[in-house]
Each structure stands twice: as C-alpha cells, then as structure tokens.
Novice: 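I'd like to ask some things about the structure below.
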Amino acid sequence: QVQLVESGGGLVEAGGSLRVSCAASKLTFDIFTMAWFRQAPGKEREFVSAIGRSGAITTYADSVSDRFIISRDNAKKTVYLQMNSLKPEDTAVYSCAAGVSNPAERLPRAYNFWGQGTQVTVSS
C-alpha cells in the first residue's frame with residue numbers, strides 16, 4: 001500500500017522559515033509528479049506547489065511563489081517544501097500528493113495518493 005508521510009511541521013513566528021518533508025513508500029516515486037496542498041480551518045484545500053518527475057519543472061501558487069521552494073530527491077523518495085518569510089495566513093495543514101499528471105495541474109482530483117498532512121502554524 002502506497003504511503004506518503006509528511007514531517008517537519010510546527011509552530012513558527014511570522015517571518016520565520018520551516019521545511020516540511022514527505023517521504024514515500026511503495027511508490028515508483030520517480031514517475032510521479034509530487035505536489036503540496038494546504039487546508040486552513042473552514043477553507044477549501046488549495047494548491048501550493050508541484051514538481052515534475054525529474055525536478056526540472058516546478059509550479060507555485062501566486063501567494064507563495066516568491067517565498068516557497070519545492071524540491072525532490074528521487075533516490076530518497078522524498079519531496080520537500082522550504083517555506084520562507086512565513087505569514088500567519090500560511091497557517092494550515094500541509095499535505096503532499098502524488099499524481100501522474102503534469103506539474104501544471106492544480107486540482108486535487110488530479111492526484112492519486114495523499115499523505116495525512118502536517119500542521120504548520122505561524123504566529124503573528
């Protein structure tokens with residue numbers, strides 16, 4: 001059974017940085033586009049970033065494009081999201097997802113496998 005396990009969430013002050021990770025198991029990792037989504041209380045799940053199979057292509061939501069960096073290590077079957085200059089509005093549960101679509105795809109339904117998520121809280 002495919003597993004995606006996120007880690008690295010926590011509490012950080014506004015302006016700070018945090019890196020979350022997502023480790024995959026039982027997944028042919030390097031054939032999947034990997035993405036990060038987030039969901040804040042009372043809000044819909046929203047796309048954050050995606051990265052293509054080789055890591056050469058990345059996409060970002062406008063709200064994070066100048067602050068977040070997505071990367072992947074196919075040998076470790078892990079995808080990362082480096083979050084800088086964090087704002088209180090970045091507070092959410094961050095989940096990783098794997099899909100066979102291209103990294104331009106931003107709809108959750110395009111992704112086949114999901115992790116449970118990790119909480120990121122940014123204090124003001």
Side-chain angles (χ1 to χ4, degrees):
Q1 185 176 352
V2 171
Q3 281 193 313
L4 300 175
V5 180
E6 299 93 340
S7 61
L11 175 64
V12 63
E13 291 185 352
S17 297
L18 205 61
R19 189 178 80 158
V20 291
S21 304
C22 170
S25 60
K26 299 184 179 179
L27 182 76
T28 308
F29 188 75
D30 58 3
I31 70 170
F32 283 88
T33 289
M34 298 300 296
W36 286 96
F37 288 79
R38 66 186 182 185
Q39 188 166 20
K43 295 188 177 181
E44 292 188 353
R45 179 179 286 172
E46 67 170 345
F47 172 83
V48 176
S49 181
I51 187 167
R53 294 175 294 176
S54 70
I57 299 174
T58 58
T59 58
Y60 297 92
D62 290 344
S63 59
V64 307
S65 61
D66 59 344
R67 301 182 294 120
F68 290 11
I69 301 171
I70 191 171
S71 61
R72 67 189 293 163
D73 185 333
N74 286 348
K76 294 182 178 180
K77 295 189 175 183
T78 301
V79 61
Y80 307 95
L81 185 68
Q82 176 68 43
M83 302 182 288
N84 302 317
S85 302
L86 282 161
K87 305 175 181 180
E89 51 264 44
D90 293 319
T91 295
V93 174
Y94 284 71
S95 299
C96 67
V100 295
S101 55
N102 65 65
E105 182 56 68
R106 302 186 176 208
L107 294 176
R109 66 171 181 255
Y111 292 85
N112 306 94
F113 303 105
W114 291 82
Q116 292 296 311
T118 185
Q119 176 70 46
V120 172
T121 303
V122 184
S123 63
S124 57

Novice: Provide the full list of ring-ring contact (aromatic ring centres under 6.0 Å, His included) pairs with a residue in residues 43-82, sequence neighbours left out, each pair given once.
Specialist: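 The answer is Phe37-Phe47.
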Novice: With a 4.5 Å cut-off on side-chain heavy atoms, are Met34 and Ile70 touching?
Specialist: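 Counting from C-beta outward, Ile70 and Met34 never come under 4.5 Å.
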Novice: Just wondering, are more than 12 heavy atoms of other shown residues or ligands nearer than 6.0 Å to CD in Gln119?
Specialist: yes
Novice: Answer yes or no: does atom CZ of Arg45 have more than 12 heavy-atom neighbours from other residues, nucleotides or ligands under 6.0 Å?
Specialist: yes
Novice: Please find the pair of heavy atoms, one from Thr33 and one from Ala50, that lie closest to each other, and give the distance.
Specialist: CG2-CB, 4.4 Å
Novice: Identify the heavy atoms of Glu105 and Ala110 that sit nearest to each other, and give their distance.
Specialist: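 It is CG-CB, 2.9 Å.
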Novice: Minimum heavy-atom separation for Ser65 to Asp62, with atom names?
Specialist: OG-O, 3.3 Å
Novice: Using only atom types and a distance under 3.5 Å, with no angle test, would you say the side chain of Ser101 pairs donor to acceptor with the backbone of Gly99?
Specialist: no
Novice: Can you list, by chain and residue number, the hydrophobic cluster partners of Val93 when the side-chain cut-off is 4.5 Å?
Specialist: none
Novice: Taking distance alone, no hydrogens or angles, what donor-acceptor pairs closer than 3.5 Å link side-chain atoms of residues 17-32 to residues at least two apart or in another chain?
Specialist:
{"unit_1": "Ser17", "atom_1": "OG", "unit_2": "Asn84", "atom_2": "OD1", "d": "3.0"}

Novice: Show every salt bridge (charged side-chain N to carboxylate O under 4.0 Å, His left out) that has at least one partner inside residues 81-92, sequence neighbours left out.
Specialist: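 Sorted result for residues 81-92: Arg38-Asp90, Arg67-Asp90.
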Novice: Do any pairs count as a disulfide (SG to SG under 2.5 Å) and have a residue in residues 54-84, sequence neighbours left out, and if so which ones?
Specialist: none
Novice: Taking a hydrophobic cluster as the set of Ile, Leu, Val, Met, Phe, Trp and Tyr residues connected by side-chain heavy atoms closer than 4.5 Å, whether directly or through intermediates, do Ile69 and Met83 fall within one such cluster?
Specialist: yes
Novice: So if you build clusters from Ile, Leu, Val, Met, Phe, Trp, Tyr with side-chain heavy-atom gaps below 4.5 Å, do Val2 and Ile51 land together?
Specialist: yes
Novice: Between Ala92 and Ala40, which heavy-atom pair has the shortest distance, and what is it?
Specialist: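 Result for this residue pair: CB-N, 3.8 Å.
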Novice: Is a donor on one side and an acceptor on the other found under 3.5 Å between the side chain of Glu46 and the backbone of Val48?
Specialist: no
Novice: What pair of heavy atoms forms the shortest contact from Ser95 to Trp114, and how long is it?
Specialist: CB-CE3, 4.3 Å
Novice: Name every donor-acceptor pair, under 3.5 Å, that has one atom in a side chain of residues 4-15 and the other anywhere in the protein, sequence neighbours excluded.
Specialist:
{"unit_1": "Glu6", "atom_1": "OE1", "unit_2": "Gln116", "atom_2": "N", "d": "3.2"}
{"unit_1": "Glu6", "atom_1": "OE1", "unit_2": "Gly117", "atom_2": "N", "d": "2.9"}
{"unit_1": "Glu6", "atom_1": "OE2", "unit_2": "Cys96", "atom_2": "N", "d": "2.9"}
{"unit_1": "Glu6", "atom_1": "OE2", "unit_2": "Gly117", "atom_2": "N", "d": "3.2"}

Novice: Is a donor on one side and an acceptor on the other found under 3.5 Å between the side chain of Thr91 and the backbone of Val122?
Specialist: yes
